[in-house]
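Note on naming: letters A, B, ... go to the chains in the order of the sequence lines (proteins, then strands), and numbering restarts at 1 for each one.
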Amino acid sequence: MMVADEVPLDDKAKRMRDLLSSFYSPESAMSTGTDSAKHASPDDINSNSFDPDHYMNLMVHKSNLEGLLQRHVEMAAEIKNLDTDLQMLVYENYNKFISATDTIKRMKSNISGMETNMEQLLEKIMSVQSRSDSVNTSLFDKREHIEKLHRTCNLLRKVQFIYDLPDRLNKCIKSEAYADAVRFYTGAMPILMAYGDSSFRDCKLASEEAMATIVKNLQGKLFSDSESIQKRAEAAVLLKQLEYPVDNLKAKLLEKLDQSLKDIQLKPEEIKDVSVDLTPSDSAHEASINEFVEAVRAFRVIFPDSEEQLVTLAKDLVTKLVSMKSFFIYRVSLLSFSWYANFFMFARNFAIAEEYVQTRVCAADLLGVLRVIWNDVLLLDEVLQEAALSNHSLEAAKAVVMSYIKSAFSHLLQDISDSLLKVLKKDGMGEYSLEVALDASTKAVLQGGMNILQEFRKLLDHNSGILVRLRELTIDFVQEGIQDFFRQLEDHFLRFSGRNNSSAFKDHGLVEGAQGDKAFAGLVLVLAQLSAFIEQTVIPKITEEIATSFTGGSVRGYEYGPAFVPGEICRKFRSAGEKFLHLYVNVRTQRISFLLKKRFSTPNWVKHKEPREVHMFVDLFLQELEAIGTEVKQTLPQGKRKHRRTDSNGSTASSRRNPLREEKLNRSNTQKARSQLLETHLAKLFKQKVEIFTKVEYTQESVVTTIVKLSLKSLQEFVRLQTFNRSGFQQVQLDIQFLRIPLREIVEDEAAIDFLLDEVIVATAERCLDPIPLEPPILDKLIQAKLAKSKEQNAIPS
Amino acid sequence: MQGASSGIGYGLKYQARCISDVKADTDHTTFLAGTLSLKEENEVHLIRLSSSGTELFCEGLFSHPNEIWDLVSCPFDQRIFSTVYSNGETYGAAIWQIPELYGELNSPQLEKITSLDGHAGKIKCILWWPSGRHDKLISIDEENLYLWSLDASKKTAQIQSQDSAGMPHKISGGAWDPHDVNSVAATFESSLQLWDVRAMGKTISIECSHVRSVDYHPKRKHVLVTAEHESGIHIWDLRKPKVPIQELPGHTHWTWIVKCNPEYDGVILSAGTDSTVNLWLVSLGNDDVSTESQTESPTHWVDPLINTYSDYEDSIYGLTWSSREPWIFASLSYDGRVVVESVKPFISKK
């Protein structure tokens, strides 16, 4: 019931509103009508587009008779309601209209009386104006007369003043009221200037005389130290008011300042003292600085107005002078322009500091010096804020810190290269152990690097004002410094290896070059290991150190990232290390290769005689290897020695290979060379390809093995270029057989070495006209003989 | 044989060292290879690449009396070639002609045009002028350099002039300047020496150690490439003989032979005793001036090694580009295997 009741109520209210609004504003009613027409269908009774026929049709179709009747009743009620609403509306509006008409009538009657009142007012005002004009004209003459009289009176008074001026001045001098005197004098000045030559001549002379005494007195006051600064300043101001040339005075005063400055020379020895006891308050330096500050303060008070220009000049000078370093220049400048001596002194102090840095200093000393200077600067800064002295000294301190860091790194670099180059220098006097060199240089790098960082840390930890301000900059400098340092170190290394490179190649063919060559190889090896050491140990440590104490340098800006990039350095050193290692292997292999070449290209192998003993080149070869072994042992770490034939593949390969080889060699007796070749190919097919050329690692065994492999490969290649007779073949067979045992002992990859040794024999057999190998017993006998002989030889020197 | 390989293989019966491109054959891509067998009868194989480029077949097989240490095909007559041979003790050199009716014969004999007698030491190589028809030949042994005048129709060769190296070291090989018919380069133990053929006198000498192979740049005058045993490959400008323009690392073991591509600038092939063939791409700059700036500013440095062919079983001594199809090269490893590869995929990239 409630719901059914509400809906028609709503409808009703809406209709009312629509009706009202259509009454008062036809447009909006129209628009709302069209609006509702959009939504409503023709059967909506409230819409404009209501179609009664359609509605009737719809009703008839939709509802039954009862419904229609009910609807009829409802509609009749609604229509009645609407009628009453309309009546009410009409009535209300009619009332309003009547009251509005009444109001308009009343307004009309009120306005009609106003015009006459306004006319009366205007008349009265006109009469007031005419009367005031007449009063004004009657009083004008008298007023003018009075003004004239007043002017005359003033003039007379002035004349009187000027006649009295000398007396007054004298009175002032007596009572020391110089300020009044100056005021009087400057007041009278224009008149004296205008009429001084004619009517007031006597007066002018007398007063000038008096003024002269005043000026004299004032000057005396200015220069007397006993007077208070206040009074002196007043005197200076007065003098200036008198247009007295003040510059002379300034110059004189400055000379005095200069005198006091000379007492404040900061001497290096003094700095040292200061840095030693670190309590500089009692030193003479401190006292004289204070004195100087006082003087400057006074000066500043005395001449307050000249400051601006002086300050700008002073700034220029400071920046210029910061770069100057010597005492000499200081003195010359002192003579020429003493006012700036105070600024100059600071420049000079920093210059001293910089000089000081050139020689080796530890951070503590530097800190002492910096602190002293900073204190001075602070004192002066109070006096002369406009000079921005602290900024300038900050700049200077920045430069000092930077050069300190730079020089620290360059010293370190020097240390490292010194310890490295000992390898070469000691060459003439005897063996300089590579081990020692390596030790020294690794220590130099690691310890030196850490020490430097420690020193820098002191700089950072220190709390004195200037360094706190410089903190971020210092961090940046340190990071950049380290990056640069390692870059330079790598450069240095490369230069070492490069410089000797060409000469090493040149020397290579010559016997006398051998010694230098050898030392060079050692150096290269040390460099290789050092590079690896730097990459693996030093860089991580330094990175750690930097991470703990040198972070937060944000001045550089983030887009550049941190200045120290350990990754890049590591990469550089890794590649450098590999390069050096390869260079070492190359140099060493070249020497051996040269030896082998001599051995194989010199004799006529086709006419070789029957082998009687193992050829001596084997000894030389082994000697070379031994030398390499000792070098390598001194520098490189021991690798994990591969267990004998742990590799199952390797063992099968070698076990398969050996019988094939022997069989082949046996069969070669029967001159079936062709099947022999086939055999070789077959063997190669079946066996695992032995990796001859593997990557060199930083271990003793790896380097030695690589060199041996390369040498044996060269040996094979040399053999291939020759043609052998039977004896030649047997000789090679003997030599190789002899080599087999000692080589096995020094290398890590026995399978590969065995394979290469076999390859040499195969190659010889292939290049042999009549390849009949030596009988094993003879082979054995000859080898034993050689062993015995070498034992004997070893026994003699020992 | 084993492993996936893009190359086309061909097996010689014996070990072999030398292979040569038959330049005069303009219809086919053909190579000549000679075997090196001390005890067996040696052979010269005429190998032709099928027109589809997928197969190598033997076009001719000729027996050769001795093991062949050097073989060069005549650049203007496809039937003529030269060999340096040895019987184990002595060396000889000869000019050969492939018989005209070899297709019909089973194992035809080579016609010997003439032999170049007069050498005492180990003959190293015979050089033909690579750029065209020229009736002169140069033969190099360990100590001497001979200039021959060859008349193929009369089957004679006469020594025109001769010069001895006069050095403590022996000559190891040489190359004839394709731009200058009068200039020959010979390699020594510790240097590279240039000769003027007219006067038979030495001209420029370049210091470099253990040169094994030398090749002139076919397009650029004054540029040549050397391969050295230990120190890799160097590229030289003869006008600035002090320092190489460029250095390449070479091979793990010796770099044996180096060849410039006849067509593509800066494409260099090297082979070595580590059983690999390396393909290099070197930027030599556009002009002589820019080569200088190139060396000074290696800012955008790229790895010059573009590919390594490692599908070999033994050291590689023979290497040649095909002049007809310059993207093809043939390599010969010591075990007698000829492998023909195309470098097209790498060259087209640039």
Atom CG in A:L769, atom CG in B:L38: separation rounded to 0.5 Å?
4.5 Å
For the interface with chain B, which of A:K597, A:E717, A:K607 has the highest count of heavy-atom pairs at distances below 4.5 Å?
A:E717
SB check B:E67 A:R767 (cutoff 4.0 Å):
yes
Value for NE2 (B:H253) from CG (A:L712), rounded to nearest 0.5 Å, stands at 9.0 Å
Tell me, out of A:S593, A:C768, A:S714, who's got the most heavy-atom pairs with chain B below 4.5 Å.
A:S714
Is the CD atom of A:E568 crowded by more than 12 outside heavy atoms at less than 6.0 Å?
yes
Would you say the side-chain atoms of B:Y14 and A:E766 include a donor-acceptor pair closer than 3.5 Å?
no
At their closest point, which heavy atom of A:R720 faces which heavy atom of B:W69, and how far apart are they?
O-CH2, 3.7 Å
NZ/NE/NH1/NH2 to OD/OE distance under 4.0 Å, B:K39 and A:D770
no
From A:L721 CG over to B:Y317 OH, what is the distance, rounded to the nearest 0.5 angstrom?
6.5 Å
With no hydrogens and no angle check, do the side chains of B:T252 and A:K713 hold a donor and an acceptor under 3.5 Å apart?
no
